[in-house]
Engineer: 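Below is the structure I would like to discuss, written out as structure tokens.
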Amino acid sequence: MTDLQPARGTHDLIGEDQRRHHHVVETARQIAARYGFDEWITPIFEDTRVFSRTLGETSDVVTKEMYTFDDRGGDSITLRPEATAGICRALVSNGLTQSLPKKVFCTGPMFRYERPQKGRYRQFHQIDIELIGPSEPLADAEVIACGWEILKALGVHTDTLLELNTLGDAPSRAAYREALVAYFTANKDALSNDSLVRLERNPMRILDSKEARERDLIAGAPKIWPYLSPEAAAFYGKVQEHLARFGVPFRENAGIVRGLDYYGHTAFEFVTSKLGSQGTVMAGGRYDGLVSEMGGPATPAVGLAAGVERLAMLLDVAPPAPAPVAVVPIGDEAEAAAIGILQSLRAAGIRAEMAYRGNLRRRMERANKIDARAAVILGTDDLAQGVAQVKDLRTGTQEAVKLPDIAAYLT
RNA sequence: GCGGGCAUAGCUCAGUUGGCAGAGCGCCAGGUUGUGGUCUUGGAUGUCACGGGUUCGAGUCCCGUUGCUCGCCCCA
């Protein structure tokens with residue numbers, strides 16, 4: 001067992017795994033397109049500053065989890081840990097802040113140096129939707145509705161619930177922060193070490209803690225809702241009204257927070273009960289401050305990201321492998337003629353295969369093994385008459401079909 | 001970063017008080033040179049994760065290492 005293994009936290013997608021993965025991505029791509037999102041393909045690595053600037057110098061992702069290295073020219077490069085920062089950078093780099101709104105769909109691998117476990121990998125894949133430009137709550141609701149529809153199309157929505165919260169605007173957060181600091185300072189003894197650090201830097205993140213001994217304390221913490229400014233409260237109310245119109249069920253959860261300053265207003269997570277502590281399957285929110293952080297003009301935006309591997313795991317049934325037609329020649333002379341038939345089937349859009357060796361029996365076994373739906377059997381007798389025997393491998397029925405008619409017969 | 005479990009054929013796994021390295025599936029070939037799924041005969045395939053120790057003898061017992069995996073933290 002000294003063979004090379006995949007690098008820790010990576011995995012190969014082959015066979016059923018590939019089909020699940022592809023189905024998730026393709027479903028998301030099609031639904032996003034229906035909502036008017038265009039796909040952008042941005043680089044997998046970026047200047048490190050793209051992420052250190054936007055994810056905050058103190059976040060776990062930046063301090064512990066990034067794949068960062070100096071390239072041969074001495075520039076600091078980072079494998080993207082998430083998609084949003086790169087999309088905002090692309091928006092600014094390409095001068096697209098002048099042609100808003102932009103509705104962006106993006107998918108691909110992301111990288112985080114973490115301890116792998118079920119539903120968590122070092123190289124994983126996300127689908128990502130960003131709606132950049134509108135400041136209206138309708139945009140938030142539309143993004144969430146698009147996400148919900150993807151979950152529904154995948155059939156993974158039944159054990160999944162949208163948990164919704166608001167982070168308010170800057171004045172709301174300032175007032176709330178004071179209240180939180182007062183509450184947790186008074187209960188300092190009950191806090192974990194991590195949470196004590198958060199109390200200094202980012203008190204809202206304490207609400208995110210899943211530490212068992214802090215659960216009661218967090219449940220008793222003040223909620224943001226009473227601290228919302230009238231404007232922020234109105235925004236939040238509009239989002240909920242629109243969600244109802246889009247038909248997206250949700251539950252309010254004051255524990256859904258984001259630690260960074262450029263997040264505001266809507267924050268949400270779709271959580272499944274089926275994946276344990278890796279239950280967040282799709283998450284997002286409004287980040288009106290991020291584009292300016294990247295050097296662009298102040299630009300409102302809202303978006304979401306979903307983990308492809310987690311969604312793929314939730315699929316009850318894997319998409320089936322495609323069933324080909326097997327071309328089965330008997331003898332060398334027939335094989336020569338069969339190549340033409342093989343190509344005519346392919347030209348007609350039919351998945352067609354011919355084995356590379358073997359007698360009739362072996363080739364029929366092979367056809368069965370690849371789950372062929374039909375076999376086109378071609379012997380010298382048939383060839384002389386200008387026909388092939390076309391056998392339906394599901395029913396076992398077989399009939400002679402004129403060579404030029406085979407593709408149409410199998411379509 | 002912390003804790004638990006596991007490691008034997010391509011895959012899933014057995015392997016008794018320490019005594020010849022095994023099964024099923026898969027693969028290859030034959031029974032059957034014009035018909036698959038069923039049946040049948042034969043065949044190939046191992047650094048028993050790695051290193052050390054105990055022993056006449058270790059897949060089995062002991063120690064260490066590595067890898068995988070599940071959970072915590074965090075996240076998609």
Side-chain angles (χ1 to χ4, degrees), chain A residues 1-11 15 24 28 55 59-65 80-84 107-129 147 192-195 197-198 205 208-214 258-259 269-272 275-284 303-314 326 328-332 334 355 357-383 388-398 400:
Chain A
M1 285 297 184
T2 55
D3 309 300
L4 288 170
Q5 296 294 310
R8 187 163 167 76
T10 68
H11 56 143
V24 168
L55 295 176
S59 72
D60 280 359
V61 169
V62 170
T63 54
K64 297 189 292 205
E65 299 174 359
R80 65 184 181 193
E82 54 95 32
T84 309
T107 183
M110 309 291 158
F111 304 85
R112 291 181 199 174
Y113 189 85
E114 296 181 273
R115 184 100 175 234
Q117 60 183 271
K118 189 183 180 67
R120 195 175 74 186
Y121 305 95
R122 289 180 174 183
Q123 175 176 331
F124 61 104
H125 297 77
Q126 286 188 336
I127 54 180
D128 204 78
I129 285 169
S192 65
N193 286 338
D194 280 350
S195 290
V197 174
R198 292 176 184 138
R205 287 274 315 284
D208 229 0
S209 169
K210 292 174 186 77
E211 202 91 55
R213 61 200 184 93
E214 293 179 326
R258 298 286 182 272
E269 294 182 8
F270 286 96
V271 180
T272 173
L275 290 179
S277 62
Q278 262 67 40
T280 299
V281 96
M282 184 179 269
L304 65 78
V308 176
E309 283 81 357
R310 290 184 188 177
L311 290 173
M313 273 191 289
L314 290 171
V328 179
I330 305 162
D332 290 346
R357 68 165 75 90
N359 58 23
L360 177 59
R361 176 189 165 76
R362 287 291 168 218
R363 287 172 185 259
M364 289 300 287
E365 282 178 351
R366 172 75 189 159
N368 202 52
K369 186 135 299 175
I370 63 177
D371 197 31
R373 61 188 172 96
V376 176
I377 302 162
L378 188 69
T380 43
D381 300 352
D382 302 309
L383 201 52
Q389 304 298 322
V390 179
K391 181 167 188 171
D392 184 319
L393 292 176
R394 307 272 192 256
T395 63
T397 59
Q398 177 173 318

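Since we're looking at a predicted model, the values are computed, not measured. Note on naming: letters A, B, ... go to the chains in the order of the sequence lines (proteins, then strands), and numbering restarts at 1 for each one.
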Engineer: Is A:K369 paired with A:E365 through a side-chain N to carboxylate O contact shorter than 4.0 Å?
Structural biologist: no
Engineer: I'd like to know if the side chain of A:E82 reaches the main chain of A:T84, judged simply by a donor and an acceptor atom lying under 3.5 Å from each other, with no hydrogens or angles considered.
Structural biologist: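 A pair under 3.5 Å: yes.
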Engineer: What heavy-atom pair brings A:V376 and A:A388 nearest, and what distance separates the two atoms?
Structural biologist: CG1-CB, 3.8 Å
Engineer: Using atom CZ of A:R122 as one end and atom P of B:rU69 as the other, report the distance to the nearest whole Å.
Structural biologist: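 Going from A:R122 (CZ) to B:rU69 (P), I get 10 Å.
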Engineer: Taking A:R122 for the side chain and A:P116 for the main chain, is one N or O donor matched with an acceptor at less than 3.5 Å?
Structural biologist: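 Judged by distance alone, no pair lies under 3.5 Å.
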Engineer: Roughly, in whole Å, what's the span from CZ in A:R8 to P in B:rC70?
Structural biologist: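 Checked: the CZ to P distance equals 11 Å.
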Engineer: With a 4.0 Å limit, can you tell me whether A:Q117 has a side-chain N or O closer than that to the phosphate oxygens OP1/OP2 of B:rG71?
Structural biologist: yes
Engineer: Determine the interatomic distance between P on B:rA49 and the same-named atom on B:rU12; round to the nearest Å.
Structural biologist: 15 Å
Engineer: Protein within reach of the bases, or only the backbone? For nucleotides 34-44 of chain B, mark each nucleotide 5' to 3' as B, S or -, using heavy atoms under 4.0 Å.
Structural biologist: BBBB-B-----
Engineer: Starting at atom CG of A:D371, determine the distance to atom C1' of B:rG26, rounded to an integer number of angstrom.
Structural biologist: 17 Å
Engineer: Could you pull out the closest heavy-atom pair between A:A28 and A:I127, with the gap in Å?
Structural biologist: CB-CD1, 3.4 Å
Engineer: Give a yes or no on whether the backbone of A:A355 and the side-chain of A:R363 come within a donor-acceptor separation of less than 3.5 Å.
Structural biologist: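 At least one qualifying donor-acceptor pair exists.
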Engineer: So what does the secondary structure string of RNA chain B come out as, 5' to 3', with Watson-Crick or wobble pairs under 3.5 angstrom, [ ] for crossing and | for pairs with another strand?
Structural biologist: (((((((..((((.....[..)))).(((((.......))))).....(((((..]....))))))))))))....
Engineer: Mind checking salt bridge (charged side-chain N to carboxylate O under 4.0 Å, His left out) for A:R394 and listing every partner two or more places apart, or none if nothing turns up?
Structural biologist: A:D371
Engineer: Say you pick atom C1' in B:rG37 and the same atom in B:rG22; how far apart are they, in whole Å?
Structural biologist: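 Between the two C1' atoms, the distance is 29 Å.
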Engineer: Might you point out which heavy atoms bring A:A83 and A:M110 nearest each other, and give the distance in Å?
Structural biologist: CB-CE, 3.6 Å
Engineer: Do you know the tightest heavy-atom contact between A:Q126 and A:V308?
Structural biologist: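 In this case the closest contact between A:Q126 and A:V308 is C-CG2, 3.8 Å.
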Engineer: In whole Å, I'd like the distance from the CG atom of A:D332 to the C1' atom of B:rU33.
Structural biologist: 12 Å
Engineer: Using a 4.0 Å heavy-atom cut-off across all strands, classify A:Y121 as base, sugar-phosphate, or nothing.
Structural biologist: base
Engineer: Could you measure between the two P atoms, the one in B:rU60 and the one in B:rA9, and give it in whole Å?
Structural biologist: 15 Å
Engineer: Write down the distance between CG (A:N359) and P (B:rU33), rounded to a whole number of angstrom.
Structural biologist: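 The distance from CG of A:N359 to P of B:rU33 comes to 7 Å, rounded to the nearest Å.
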Engineer: Could you check A:Q126 against A:R357 and say which one's nearest nucleotide on RNA chain B is further toward the 5' end?
Structural biologist: A:R357
Engineer: I'd like to know if A:R120 reaches the base of B:rC73 with its side chain such that a donor and an acceptor end up less than 3.5 angstrom apart.
Structural biologist: yes
Engineer: Just compare B:rG30, B:rC2, B:rA76 and give me whichever is closest to any side-chain atom of A:R115.
Structural biologist: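 Nearest listed nucleotide: B:rC2.
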Engineer: Please report the distance separating the P of B:rA7 from the corresponding atom of B:rG15, rounded so that it comes out in whole Å.
Structural biologist: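 The answer is 11 Å between these two P atoms.
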Engineer: Quantified in whole Å, what is the C1' atom distance between nucleotide B:rU16 and nucleotide B:rA58?
Structural biologist: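 Rounded to whole Å, the distance is 15 Å.
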Engineer: Output the rounded distance in Å from CD (A:E114) to P (B:rG71).
Structural biologist: 14 Å
Engineer: For A:Q123 and B:rC75, what is the distance between atoms CD and C1' respectively, to the nearest whole Å?
Structural biologist: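 So the CD-C1' distance, A:Q123 to B:rC75, works out to 17 Å.
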Engineer: If the C1' atom of B:rA76 is compared with that of B:rG67, how far apart are they to the nearest Å?
Structural biologist: 26 Å
Engineer: Calculate, to the nearest 0.5 Å, the distance between atoms CG and CD belonging to A:D382 and A:Q389 respectively.
Structural biologist: 4.5 Å
Engineer: Need one value for A:E309: base, sugar-phosphate or nothing, where a base atom within 4.0 Å counts as base even if backbone is also close, heavy atoms only.
Structural biologist: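 Result for A:E309 = nothing.
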Engineer: Atom OH of A:Y113 and atom C1' of B:rG1: how far apart are they, to the nearest Å?
Structural biologist: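 In whole Å, B:rG1 C1' and A:Y113 OH are 11 Å from each other.
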Engineer: Can you check side chain to side chain donor-acceptor pair (under 3.5 Å) on A:E269 and A:T280, steps first, answer last?
Structural biologist: CA-CA 6 Å; A:E269 294 182 8; A:T280 299; 3.2 Å; yes
Engineer: When rounded to the nearest Å, what value does the distance between P atoms of B:rC62 and B:rG26 take?
Structural biologist: 37 Å
Engineer: Using the P atoms only, state how far B:rC68 lies from B:rC25, rounded to an integer number of Å.
Structural biologist: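 Their P atoms lie roughly 32 Å apart.
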Engineer: Between A:G119 and A:G9, who's closer to the 5' end of RNA chain B by nearest nucleotide?
Structural biologist: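 It is A:G9 whose nearest nucleotide is closer to the 5' end.
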